Asker: 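Quick one: structure below, then a few questions.
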Protein chains: 2
Amino acid sequence: MTTIKDVAKLAGVSTATVSRVMNGTGYVNPSTKKKVNSAIKQLDYRPNDVARSLFKGKSKMIALFVPDIMNPFFPELARAVEDVTNHHGYTFILCNTDDEIEKEQTYLNALQQKSVDGIIIVSSTITKELISKIKIPIIALDRIIGANMSSVTVNNREGAREAVRYLKSIGCQRIAHICGPDHVINTAERMKGYLDEVKDEDWFLSSYIVSGEYYFQTATQAMKKLLTVHPEIDGIFVGNDLMGVGVLKGAKELGIRVPDELSVIAFDGIMLGETTTPSLTTMAQPIYEIGARAAEMLLEQINDSKYQSKREEFTVQLIERQSTRKRGESIDR
Amino acid sequence: MTTIKDVAKLAGVSTATVSRVMNGTGYVNPSTKKKVNSAIKQLDYRPNDVARSLFKGKSKMIALFVPDIMNPFFPELARAVEDVTNHHGYTFILCNTDDEIEKEQTYLNALQQKSVDGIIIVSSTITKELISKIKIPIIALDRIIGANMSSVTVNNREGAREAVRYLKSIGCQRIAHICGPDHVINTAERMKGYLDEVKDEDWFLSSYIVSGEYYFQTATQAMKKLLTVHPEIDGIFVGNDLMGVGVLKGAKELGIRVPDELSVIAFDGIMLGETTTPSLTTMAQPIYEIGARAAEMLLEQINDSKYQSKREEFTVQLIERQSTRKRGESIDR
DNA sequence: AAATATTATGTAACCCGTTACATCTAAAGC
DNA sequence: GCTTTAGATGTAACGGGTTACATAATATTT
């Protein structure tokens, strides 16, 4: 490995001068600069980032915590974060936490020891206490963690309300909800939105809410059980798209026609929902945008010493596809 | 940040002794060890990995290059690599290359400057020349790059043959192929396998091969055009699952019943293929396993100075789902 | 008891950049 | 012509670990 010393020797200057040329700092005579640059080129010299990091205490690396990259919601988020940070010269570290606090703890320690410059966290388990010990800039993504920590989220509750109102608007009379697992904060928010719209309906039953645990298969099972017990259900608001396609599968297996007999609307707007037939109507999050925005906020926080934490909330948007009846179409039973 | 000096001072020893205790190297008196460990605990000291890396020239980080993590084939691969390497104390860096050689070049430089210990590469564009300049251990995954570079792949050609033979065995008379983009090596291999089985059939036409570019929508379009021109086609071998579900979508849109009128088999075995109705019959790669194996091989190569490069090929496995007729069932037209 | 081996610990160089500080030259100001 | 200032460059400390080498204290061998 060629070092700055080799360059200095070849150019006939000190390492300090080479460093100045590379970083564009301090005074350097144009002719000297030329000599140094040609030496750099000649040796194909590239500075050792580790040495730099050691001195600066910064590594030009950022990390993203996700529960599991195999969950189809996260790749797009990861891509967005990587794009933005890579564009600014940062290296992107991915950590699958499985929402286990021990893993999160371990990752936090490791990253801190590596002088990682910032972390974006999607987590339902991590606590403010765990994070408060860390001096690294952190942004909460998709879920709010602490009171004074920056976050980028979507209006889950209002989005859920909108979804349910949409089902009503196309004529659904009995609307059920397949929710996510308890420990995920979104689950509660989306359920609240659902309840906002249905709790005062005379037909509403608490047994209209069942959990699909954010899994495809679990959602299929839950849906089948639900529709067997409550065949009167003609609309389902599903907590996320992955479960949404699970519900579509369940409907097929039960011989229930979607959207003629049952309308299904989900939440997230991942690509998966476009691949099924019928395709899945959904409340789409601007996934790439929120990931990119979180990355930008993190970079701001890294570079601005007087950065003030902030919360940004994006809005979800209805995408009408084929799993819901069209407004005004007659009900076909 | 507490440093090794703080620990040394508190324990009343030199930094060398602290280092010995931490690393379990050299001689240390048990009572001294106890003092040092208690000082470490008392100060909640964690060594600075950057300083370590600088001295050792190793960073305990590995990287994975994928074209695009949003392609549903890669998250599982990434997860496997992260699991294995994380288990061995490595930090996982993810790089989306978009199969652009400039990006790959940039990443390679950046990673080298960061003393990354090893790289796993999925790429159709990268060249041996580009890599040969790098002294970092590298494993090619899913695709072979250079002659003397370790790789983990699957038997694409034989798997493709098997897929086509399966279509024949269930009674398909006219079998088409929707292939991937030219520049991807797998495309050629899988096409060869297809040709091995059909090129001598009297019904075979070169127009039975069309490209879906590994995109969902492109595959849908390609399939619709194909079946419009060649309505006699009753079986399609599709280059990957993502395009496979695109084909299923296209069939629905054309009103072609799958599997009654058309049998579809794809390649990959990603979860997406389970979510559709009908679910997708496929030649499944052991995705997690090949990712994990590549990671293990990389670690071997990192730790074993006399490591010999090797190639390992996994076999794909037929998963019969609903998009193909069952053997022996009558053809229903 | 002397010679040798083993255990224990410290000193300082090293990894490779960055930058504060010192030094020196040449141009500008008076 | 002398002082001041800007421009140019070098020296060396620093960041925080690791380890070769030196030294010292015990333990073992003969």
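In what follows, every chain begins at residue 1, and chains take the letters A, B, ... in the order their sequences are listed. None of these values were measured; they are calculated from a predicted model.
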Asker: Measure from the side chain of Tyr27(B), starting at C-beta and using heavy atoms only, and say which of dG17(C), dT6(C), dA8(D) lies closest.
Answerer: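 Ranking dG17(C), dT6(C), dA8(D) by closest atom to the Tyr27(B) side chain puts dT6(C) first.
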Asker: Can you check salt bridge (Lys or Arg N to Asp or Glu O under 4.0 Å) on Arg293(A) and Glu300(A), steps first, answer last?
Answerer: CA-CA 10 Å; Arg293(A) 185 67 195 118; Glu300(A) 280 177 42; 3.5 Å; yes
Asker: Would the distance check show the side chain of Thr17(A) and the main-chain N or O of Val13(A) forming a donor-acceptor pair, the cut-off being under 3.5 Å?
Answerer: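 The answer is no, because no donor-acceptor pair under 3.5 Å joins these two groups.
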Asker: What nucleic acid atoms does Val18(B) come within less than 4.0 Å of, heavy atoms only: base, sugar-phosphate, or nothing?
Answerer: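 Nothing, no heavy atom under 4.0 Å.
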Asker: Over how many whole Å does the gap from Lys56(A) atom NZ to dG16(D) atom C1' extend?
Answerer: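 Interatomic distance, NZ of Lys56(A) to C1' of dG16(D): 17 Å.
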Asker: Take atom NZ of Lys58(A) and atom P of dC14(D), then tell me their distance rounded to the nearest Å.
Answerer: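 Spelled out: NZ on Lys58(A) to P on dC14(D) is 22 Å.
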Asker: Once you apply a heavy-atom cut-off of 4.0 Å, does Val50(B) come out as touching a base, just sugar-phosphate, or nothing?
Answerer: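 Nothing, no heavy atom under 4.0 Å.
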Asker: Can you tell which of dG10(D), dT6(C), dG17(C) lies closest to the side chain of Tyr45(A)?
Answerer: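 Of the candidates, dG17(C) comes closest.
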Asker: Taking Thr85(A) for its side chain and Tyr90(A) for its backbone only, find out whether a donor-acceptor pair lies under 3.5 Å.
Answerer: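 Not confirmed, Thr85(A) side chain does not pair with Tyr90(A) backbone.
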Asker: When the nearest nucleotide of DNA chain C is assigned to Leu54(A) and to Thr15(B) on a heavy-atom basis, which residue is associated with the more 5' position?
Answerer: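 The residue mapped nearer the 5' terminus is Thr15(B).
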Asker: Could you tell me how far apart Ile4(B) (CD1) and dC14(D) (P) are, to the nearest whole angstrom?
Answerer: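 Result: 18 Å.
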Asker: With a 3.5 Å cut-off and just heavy-atom distances, do the side chain of Arg20(A) and the base of dG10(D) make a donor-acceptor pair?
Answerer: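 By the distance-only test, yes, there is a pair.
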Asker: Please report, rounded to the nearest Å, how far the C1' atom of dG10(D) is from the NZ atom of Lys9(A).
Answerer: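 After rounding, the gap between these two atoms is 16 Å.
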Asker: Heavy atoms from C-beta onward define the side chain here; which of dT9(C), dG17(D), dT18(D) lies closest to that of Thr17(B)?
Answerer: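 In terms of side-chain proximity for Thr17(B), the closest of dT9(C), dG17(D), dT18(D) is dT9(C).
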Asker: Between Arg311(A) and Ser150(A), is any side-chain donor less than 3.5 angstrom from a side-chain acceptor?
Answerer: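 Side-chain D/A pair, Arg311(A) to Ser150(A): absent.
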Asker: Check the distance between dT18(D)'s C1' and Asn48(B)'s CG and give it to me in whole angstrom.
Answerer: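 Going from Asn48(B) (CG) to dT18(D) (C1'), I get 13 Å.
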Asker: I want to verify a distance call: between dT18(D), dT9(C), dG16(D), whose nearest atom is closest to the Val28(B) side chain?
Answerer: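 Closest of the options to the side chain of Val28(B): dT9(C).
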Asker: Taking only side-chain N and O atoms of Asn23(A), does any of them lie within less than 4.0 angstrom of OP1 or OP2 on dT18(C)?
Answerer: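 Looking at the OP1 and OP2 atoms of dT18(C), one of them is under 4.0 Å from a side-chain N or O of Asn23(A).
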Asker: To the nearest Å, how far apart are Lys33(A) NZ and dG7(D) P?
Answerer: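 Answer to the nearest Å: 13 Å.
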Asker: Look at Thr32(A) and dT9(D) and indicate whether a side-chain polar atom (N or O) is within less than 4.0 Å of OP1 or OP2.
Answerer: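 Answer yes for this pair, as a side-chain N or O of Thr32(A) is under 4.0 Å from OP1 or OP2.
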Asker: Just the rounded figure in Å: distance from P of dC16(C) to CE of Met1(A).
Answerer: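 Distance, rounded to whole Å: 9 Å.
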Asker: Name the closest nucleotide to the Phe55(B) side chain, picking from dT18(C), dC14(C), dT11(C).
Answerer: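 Nearest listed nucleotide: dC14(C).
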Asker: Would you please confirm or rule out a distance under 4.0 Å between OP1 or OP2 of dT18(D) and any side-chain N or O of Ser19(B)?
Answerer: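 Affirmative; the distance criterion is met.
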Asker: Measure CG/Asp49(B) against P/dG16(D) and give the value in whole Å, please.
Answerer: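 Answer to the nearest Å: 13 Å.
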Asker: Taking only Lys NZ, Arg NE, NH1 and NH2, and the carboxylate oxygens of Asp or Glu, determine whether Asp98(A) and Lys103(A) approach each other closer than 4.0 Å.
Answerer: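 Yes, this pair counts.
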